[in-house]
**Student:** 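Before we start, here is the structure in question, set down as structure tokens.
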There are 2 protein chains.
Amino acid sequence: MKSTTLTRKQEICITAARLFKQKGYSAVTMRDLAAEVGVKAASLYNHIASKEEILNEVIVNIAESFTEGIQDIRLADTKVAEKLEAVIAQHVHLTADNPYGMASLNNDWMHLGEGKEKYLALRSSYEQHFREIIKEGKAQNVLKDIDEEIILFSTLGTLRNLYLWIPKKADLQRSKLIDSLCETLLNGVKTA
Amino acid sequence: MKSTTLTRKQEICITAARLFKQKGYSAVTMRDLAAEVGVKAASLYNHIASKEEILNEVIVNIAESFTEGIQDIRLADTKVAEKLEAVIAQHVHLTADNPYGMASLNNDWMHLGEGKEKYLALRSSYEQHFREIIKEGKAQNVLKDIDEEIILFSTLGTLRNLYLWIPKKADLQRSKLIDSLCETLLNGVKTA
DNA sequence: GTCTATATGTGGATAGAC
DNA sequence: GTCTATCCACATATAGAC
């Protein structure tokens, strides 16, 4: 992140993420990737140590962004309702910035090698922060008395799938999308 | 579906679906599958023609159930609110009956061969029926004036992820889960 | 930093004995 | 219907010339 010019390694990882979304990590070969980058497969190894390292680069950075972000949100001195909206907004922003990486994060994390434990810890931490916000919301009577896990996974289910249709709705403004999602997820779709 | 005793082919497909959920279709080898079934890899080919055929068996049957089900719901002579609840209930039932197959349906459909077009047609049809129900809801002022696509993908996002946590919450009764999801998805999580 | 050539392993699938 | 043995294509990754 020190320059606007992409290093070769970054170019490889970004291209890889796009292919991983299309076919999944296991079905993408180093030859596929090399062809897309415009070099021969062997040349990739001057920039990365292994296929697995690419997956690590793609996934772990995003996972860190999510966990750091929700920690800041949780600890912030704001109302619970605003925290919930901030969590939704963060998902929209991080997904719009990197929809391909989000696909790998969701679907290919089990193919991580060394990095798997770190990823699982980050995910676990993320969910725990989210649970604490939900608990706070229920304690303050801002959230209904619905099972905490249902609220967590229902909300996360929608947010985790954002990567599937944000690219298809490129025309939709982020701010409008965030507003609609907050309304839908927090207040529901039925009229009162 | 003509007997309570599983045929060898059914046993293979059920075992395969479980492995596909763990590692994804591409990363599961015929040797992995054979070991899990308790035979040698070559023996599998007395029951199935190819690895791809297994994926077809796993995915297409479920996709058909979903599309047929939502068509019946849409055409039924019931109120829109009940239709929405029926869609949610169908997701819970089909997912609880076959959580492993749902993983393949969500994540491995792109590896279908011949069956891919059929799958895509079924999915498209499913979404179209869902859209029509949403339109009906908005026309009758049962649903808020939120973008139809947002309602569709927000709701589907949560429902498509049910396979990830239904197995972890085996103790949760289906009827309680359906009630909670209807409340959460339709009326929202915030207090009025 | 990219290439050609290749080492080494493993994938899906088949042949034919039992 | 299951086995052993095997074919052949293709996977990741390395060696060494340029």
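Keep in mind the model is a prediction, meaning the values are calculated, not measured. Chain A is the first sequence line, chain B the second, and so forth, proteins listed ahead of strands; every chain is numbered from 1.
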**Student:** Counting only N and O atoms by type, is there a donor-acceptor contact under 3.5 Å from the side chain of A:D32 to the main-chain atoms of A:V28?
**Tutor:**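 Looks like no, no N/O pair under 3.5 Å.
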**Student:** Round to the nearest Å and state the distance from A:R8 atom CZ to C:dG1 atom C1'.
**Tutor:**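 Roughly 9 Å, once rounded to whole Å.
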**Student:** Could you list all the side-chain hydrogen bond (donor to acceptor under 3.5 Å, both in side chains) pairs where at least one residue sits in residues 73-89 of chain A, not counting sequence neighbours?
**Tutor:**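 side-chain hydrogen bond (donor to acceptor under 3.5 Å, both in side chains) check on residues 73-89 of chain A returns A:R74-A:H129, A:K83-A:E136.
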**Student:** Check the side chains of B:T158 and A:T158 for a donor-acceptor pair under 3.5 angstrom, ignoring hydrogens and angles.
**Tutor:**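 Checked: A:T158/B:T158 side chains pair up, N/O donor to acceptor below 3.5 Å.
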**Student:** Would you call the rings of B:F20 and B:Y25 parallel, tilted or perpendicular if under 30° counts as parallel and over 60° as perpendicular?
**Tutor:**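 The rings of B:F20 and B:Y25 stand perpendicular, inter-plane angle above 60°.
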**Student:** Checking B:T184 side chain against B:S180 main chain: does a donor-acceptor pair fall under 3.5 Å?
**Tutor:**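 Flag set: sc B:T184 to bb B:S180 pair under 3.5 Å.
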**Student:** So if I define the base as every atom that isn't primed, P, OP1 or OP2, how would nucleotides 4-18 of chain D read as a B/S/- string at a heavy-atom cutoff under 4.0 Å?
**Tutor:** B------BBBBB---
**Student:** What's the CG-C1' distance between B:L19 and C:dG12, to the nearest Å?
**Tutor:**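 About 16 Å, once rounded to whole Å.
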